[in-house]
Number of protein chains: 2
Amino acid sequence: MNAPIKVVIIDDHNIVRRGLITLINLEDDIEVVADSDNGEEGRRLIMEYKPDVTVLDLSMPKGSGIDVMKKLKQHQSTTKIVVLTSISGSDILYSTLALGAKGLLSKDIDADELLTIIRKVQAGGEYIHPSISHQLTNLQSERFTQQALTRRESQVLGLIGKGLTNQAISDNLTISLKTVKTHVSHILSKLELNDRTQLAIYAIKNEVV
Amino acid sequence: MNAPIKVVIIDDHNIVRRGLITLINLEDDIEVVADSDNGEEGRRLIMEYKPDVTVLDLSMPKGSGIDVMKKLKQHQSTTKIVVLTSISGSDILYSTLALGAKGLLSKDIDADELLTIIRKVQAGGEYIHPSISHQLTNLQSERFTQQALTRRESQVLGLIGKGLTNQAISDNLTISLKTVKTHVSHILSKLELNDRTQLAIYAIKNEVV
DNA sequence: ATAAAAATCAGCCTTAGGTCTGATGTGAGC
DNA sequence: GCTCACATCAGACCTAAGGCTGATTTTTAT
């Protein structure tokens with residue numbers, strides 16, 4: 001028999017993490033070697049344990065899942081990433097694929113299903129849960145041409161998502177009101193949205209910080 | 001030794017549910033007698049099994065946690081409810097307390113902590129997780145005087161949360177633009193917010209439909 | 001070194017959003 | 001019958017928001 005598949009789990013919900021660990025360790029061909037509730041530590045653990053598969057939650061306080069994936073890509077980590085999420089926003093899902101996630105699934109899947117996916121991904125396969133993939137189909141063509149937001153623009157978008165007015169944002173970032181308006185205008189056209197209300201909704205659903 | 005504490009679990013995430021069941025069933029003084037992934041079935045299970053404690057998730061597709069609690073209150077159920085949530089909106093949390101939840105905790109607690117809380121609540125105690133209770137302290141005094149939204153106002157708020165303009169809302173509800181503005185104005189003053197962007201954020205965080 | 005992208009700001013203009021005051025019809029409750 | 005909350009609408013008003021054009025400076029990549 002082969003060595004068991006080494007797995008690292010990164011999720012900020014203790015209960016979810018404990019649940020996953022318990023379930024996975026019931027199997028004898030898969031083993032959880034480490035786990036963490038935040039992105040920073042999680043990244044260190046991956047470097048250290050070099051797991052075959054990493055189960056990664058997207059929404060976390062310190063260092064989001066996206067950040068973790070970016071960093072890992074820089075370091076050319078070979079761990080295969082299965083993204084676990086309840087997020088509905090579509091752009092963030094697309095980002096994970098662009099960053100090379102092998103699996104993509106929502107938190108309401110069966111536990112058995114997760115095990116199957118881990119094995120499949122470890123064997124070199126890919127898997128995207130149907131409830132998520134249908135969100136992506138339309139989007140492939142549309143968003144492909146979409147320019148990414150600059151750092152400043154993301155920052156502004158994040159403040160809009162907190163309900164700040166342009167004036168408040170200008171104070172907050174100590175730049176002129178004009179500049180804020182320019183940024184907002186750019187963000188709107190890049191995301192193909194119509195007003196700041198839709199931006200706020202977008203920001204929340206895609207967890208822009 | 002006493003009979004084990006009977007628990008019903010209602011949460012739409014399979015993994016969370018399986019995790020909870022596995023963890024709880026490791027204890028010999030607590031027993032999960034039933035579980036469900038939606039509010040409707042969950043309510044039936046509670047009627048049928050009459051559990052001592054119910055662990056209830058707030059955000060679910062069919063019949064939210066709030067609905068379940070309302071129905072149970074009508075039927076004068078004696079099950080003690082522990083609300084499990086990752087929602088940050090404060091009004092919805094306050095609602096759960098008003099509806100008599102005995103426990104209130106976020107999903108990032110320790111598993112052991114949950115067990116302790118179930119025992120405490122069963123014994124007649126109450127528990128609110130610190131990460132949540134601080135959201136409530138300010139609010140007790142402020143929101144007490146807060147008028148509830150009317151049916152129409154909630155409806156309008158819901159559409160704002162979907163990113164509609166006043167004109168679009170007016171078309172959608174087939175009422176005049178003036179009327180929409182009136183409603184929006186009332187909602188703003190009732191919720192003590194400043195503009196529609198903040199309303200949209202509020203609507204999402206409090207899951208206004 | 002040079003080109004390209006990002007960040008900054010200004011003026012001008014239009015409109016959606018929001019406030020205030022006030023008015024009318026309707027239904028529930030006392 | 002009377003009252004009160006609710007939903008509807010109107011006019012007048014003010015401001016934040018966003019579009020468009022154009023410009024300067026800083027950063028970044030090649």
Side-chain angles (χ1 to χ4, degrees), chain A residues 66-67 70-71 73-74 76 91 95 98 143-204 208-209, chain B residues 74 91 143-204 208-209:
Chain A
I66 297 283
D67 287 340
K70 283 182 185 168
K71 293 265 172 56
K73 202 175 185 185
Q74 284 173 15
Q76 302 176 332
D91 281 16
S95 301
R143 301 292 196 196
F144 233 113
T145 59
Q146 181 188 313
Q147 294 99 332
L149 298 185
T150 68
R151 202 169 313 155
R152 203 53 156 174
E153 285 164 354
S154 303
Q155 216 169 1
V156 171
L157 178 54
L159 294 177
I160 291 176
K162 287 185 180 149
L164 303 209
T165 62
N166 284 342
Q167 183 58 58
I169 294 173
S170 126
D171 294 343
N172 203 292
L173 301 179
T174 50
I175 54 179
S176 95
L177 180 59
K178 296 286 179 186
T179 306
V180 177
K181 284 188 172 191
T182 308
H183 287 314
V184 172
S185 197
H186 288 160
I187 300 170
L188 285 171
S189 77
K190 282 187 181 178
L191 299 182
E192 295 176 39
L193 297 175
N194 303 311
D195 52 50
R196 67 171 41 238
T197 304
Q198 293 180 358
L199 286 186
I201 296 169
Y202 176 94
I204 294 174
V208 177
V209 186
Chain B
Q74 283 173 16
D91 282 15
R143 302 289 197 196
F144 234 113
T145 58
Q146 181 186 315
Q147 296 98 330
L149 298 184
T150 67
R151 203 168 314 153
R152 202 54 155 174
E153 285 163 355
S154 302
Q155 217 169 359
V156 171
L157 179 54
L159 294 177
I160 291 175
K162 286 185 180 147
L164 303 208
T165 61
N166 284 341
Q167 184 59 56
I169 294 173
S170 125
D171 294 343
N172 203 291
L173 301 178
T174 51
I175 54 180
S176 95
L177 180 59
K178 294 285 180 186
T179 307
V180 177
K181 284 189 173 190
T182 308
H183 287 314
V184 172
S185 196
H186 287 160
I187 299 170
L188 284 171
S189 77
K190 281 187 181 178
L191 299 181
E192 295 176 38
L193 296 175
N194 303 311
D195 52 50
R196 67 171 39 237
T197 304
Q198 294 180 358
L199 286 186
I201 297 169
Y202 176 94
I204 294 174
V208 177
V209 186

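The shown structure was predicted, so the numbers you read here are calculated from the model rather than taken from an experiment. Numbered from 1 within each chain, the chains take letters A, B, ... in sequence-line order.
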Length of the line joining [X]:[atom1] and [N]:[atom2], which is rounded to integer Å:
X: A:Glu153; N: C:dT8; atom1: CD; atom2: C1'; result: 13 Å
X: A:Ile169; N: D:dG18; atom1: CD1; atom2: P; result: 9 Å
X: B:His186; N: C:dT19; atom1: NE2; atom2: P; result: 10 Å
X: B:Leu188; N: C:dG18; atom1: CG; atom2: C1'; result: 8 Å
X: A:Arg151; N: C:dT8; atom1: CZ; atom2: C1'; result: 16 Å
X: A:Leu177; N: D:dA16; atom1: CG; atom2: P; result: 9 Å
X: B:Leu164; N: C:dG17; atom1: CG; atom2: P; result: 10 Å
X: B:Gln198; N: C:dG18; atom1: CD; atom2: C1'; result: 13 Å

Side chain of [X]: nearest nucleotide among [options]?
X: A:Ser176; options: D:dC9, C:dA10, C:dA7; answer: C:dA10
X: B:Lys178; options: D:dA12, C:dG17, D:dG18; answer: D:dA12
X: B:Arg152; options: C:dA7, D:dG18, D:dT8; answer: D:dT8

>> I want to confirm an ordering. Mapping B:Asp195 and B:Thr179 to their closest nucleotides on DNA chain D, which one lands closer to the 5' end?
In response: B:Thr179
> Mapping B:Leu173 and A:Val184 to their closest nucleotides on DNA chain D, which lands nearer the 5' end?
Replying inline: B:Leu173
> So what does A:Thr165 hit on the nucleic acid, given a heavy-atom distance under 4.0 Å: a base, only sugar-phosphate, or nothing?
Replying inline: sugar-phosphate
> Any N or O donor-acceptor pair linking the side chain of A:Thr182 to the base of C:dC9 at under 3.5 Å?
Replying inline: yes
> Is any N or O donor-acceptor pair between the side chain of A:Lys181 and the base of D:dG19 shorter than 3.5 Å?
Replying inline: no
May I ask you to verify if any side-chain N or O of [X] is less than 4.0 angstrom from the OP1 or OP2 atom of [N]?
X: B:Asn166; N: C:dA16; answer: no
X: A:Thr150; N: C:dA6; answer: no
X: B:Arg196; N: C:dG18; answer: yes
X: B:Ser185; N: C:dT19; answer: yes
X: B:His183; N: D:dT8; answer: yes

Is a side-chain N or O of [X] found less than 3.5 angstrom from the main chain of [Y], in a donor-acceptor match?
X: B:Arg196; Y: A:Arg196; answer: no
X: B:Glu153; Y: B:Ile187; answer: no
X: A:Ser189; Y: A:His186; answer: yes
X: B:Asp195; Y: B:Gln198; answer: yes

>> With rounding to the nearest 0.5 angstrom, report the NE2 to CD1 distance, B:His183 to B:Ile160.
In response: 10.5 Å
>> Pick the closest DNA chain C nucleotide for B:Ile160 and for A:Val180 by heavy atoms, then say which residue is nearer the 5' end.
In response: A:Val180
>> A side-chain contact here means heavy atoms from C-beta on lying under 4.5 Å apart; do B:Leu149 and B:Val156 qualify?
In response: no
